[in-house]
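Notes follow the structure.
Atoms within a ligand are numbered from 1 in the order they appear, just like the ligands themselves. Hydrogens, waters and symmetry mates play no part in the numbers below; they use all other heavy atoms, side chains included. Because the structure is predicted, anything quoted here is derived from the model rather than measured.
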Amino acid sequence: MNIFLIGFMGSGKTTIGRKLSAQLQFRFVDLDGLIEEEMNMSVSELFSKMGEPFFRNKEKEMILDIIKNENQVISVGGGAPCFFNNLEIMNDNGITIYLKMTSGALLQRLLQLPAAARANRPLLVNKSREELFDYISSTLEKREEFYNKAKIVVSNEVFDTSLTVGRILTAINHLKK
Ligand code: S3P
C-alpha cells in the first residue's frame with residue numbers, strides 16, 4: 001500500500017506524513033526532497049535555473065518512479081496533483097489523502113514558516129501579506145478541483161497532528177472494508 005498526501009503548501013503534508021509513516025511503519029518519502037537530491041539543486045534553484053515546466057516534468061517522472069515501491073507515505077508537492085494525469089496515477093496506485101485547510105489558516109501557517117522554508121517555495125517569495133492571501137485564495141480555488149478527487153479528504157484546519165493522523169487512520173480502515 002502507498003499513501004499520497006496532497007494539499008496546498010503549508011497544509012502539513014510533511015509533518016503529518018512523518019508521523020503517519022512512523023505509526024504505520026512505512027517509509028516516509030518527500031517527493032520534492034527526491035527531486036532536489038537527484039538534481040542536486042533546491043526547488044527554488046530548479047525553478048529559477050530550469051524553469052517551472054522542467055520542475056513539473058520532474059515531479060511526474062518521480063511519481064512514476066516512486067510507485068514501483070510499496071509501503072510508503074509520500075508527501076507530494078502542492079502543485080503536482082494539478083498537472084498532467086498525476087492525480088489519476090496516484091489514485092490508481094494508492095490512497096490519496098487531501099489535507100484540507102482554508103486560505104486563512106494556510107496564510108497563518110505560511111507566515112509562521114522560518115524564512116528559509118519560505119524562500120525555498122518560489123511561488124511564495126516577494127509577496128506582501130495581502131498578495132500572499134490573494135495568491136492562496138485564487139490558487140486554492142483552482143486546485144481544489146483536483147485535490148477534492150482524493151480518496152480521503154481530511155481537515156487539518158486546527159493543525160493538531162495527533163488528531164489529523166487519527167482521522168486518517170480511521171478513514172483508511174473504512175476504505176479497506
Ligand atoms: C509547489 C509546492 C511546493 C514545491 C514547489 C511548488 C506548488 O511543495 O513543490 O515550490 O506548486 O504548490 P510543498 O507543497 O511541499 O510546499
Any idea which protein heavy atom is nearest [atom], and the distance to it?
{"atom": "atom 12 (O) of ligand 1", "answer": "Arg143 NH1, 2.7 Å"}
{"atom": "atom 14 (O) of ligand 1", "answer": "Lys13 NZ, 2.5 Å"}
{"atom": "atom 16 (O) of ligand 1", "answer": "Arg121 NE, 2.7 Å"}
{"atom": "atom 4 (C) of ligand 1", "answer": "Asp32 OD2, 3.1 Å"}

Nitrogen or oxygen of [X] less than 3.5 angstrom from that of ligand 1:
{"X": "Asn120", "answer": "no"}
{"X": "Gly79", "answer": "yes"}
{"X": "Gly78", "answer": "yes"}

Ligand 1 contact on Thr14 by region, counting heavy-atom pairs under 4.0 Å:
neither
Which segment of Glu52 sits under 4.0 Å of ligand 1 when only heavy atoms are counted
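Neither part.
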Apply side-chain contact (heavy atoms from CB on, under 4.5 Å) to residues Thr139 and Phe8 and explain how you reach the verdict.
CA-CA 9 Å; Thr139 312; Phe8 207 81; 3.9 Å; yes
Connected via hydrophobic side-chain network under 4.5 Å: Ile95 and Tyr98:
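Different clusters: Ile95 never reaches Tyr98 through Ile, Leu, Val, Met, Phe, Trp or Tyr contacts under 4.5 Å.
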ILVMFWY cluster, Ile89 and Phe84 together (side-chain gap under 4.5 Å)
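No, Ile89 does not connect to Phe84 through the hydrophobic network.
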Which ligand 1 atoms, with their elements, are less than 4.0 angstrom from a heavy-atom of [X]?
{"X": "Pro122", "value": "10 (O)"}
{"X": "Val43", "value": "5 (C), 10 (O)"}
{"X": "Phe55", "value": "9 (O)"}

Heavy-atom nearest option to atom 11 (O) of ligand 1, drawn from Arg56, Met9, Glu59
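The nearest heavy atom belongs to Arg56.
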Is there side-chain contact between Leu123 and Phe47, with heavy atoms separated by less than 4.5 Å?
yes
Assess the residue pair Glu88 and Lys149 against the criterion (salt bridge (Lys or Arg N to Asp or Glu O under 4.0 Å)); give the C-alpha distance rounded to whole Å, side-chain angles, the decisive distance to 0.1 Å, and a yes or no.
CA-CA 9 Å; Glu88 214 180 317; Lys149 289 184 183 147; over 6 Å; no
Using a distance-only test with no angle check, is there a side-chain donor-acceptor pair under 3.5 angstrom linking Ser44 and Asn120?
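Result is yes, a qualifying pair exists.
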Is it true that, when you exclude Asn40 itself, more than 12 heavy atoms of the residues, nucleotides or ligands shown sit nearer than 6.0 Å to its CG?
no
Cation-pi geometry met for Lys100 and Tyr147 (6.0 Å, 45°):
no
Approximate separation, where rounding is to 0.5 Å, of Lys60 NZ and Leu31 CG:
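One gets 13.0 Å once the value is rounded to the nearest 0.5 Å.
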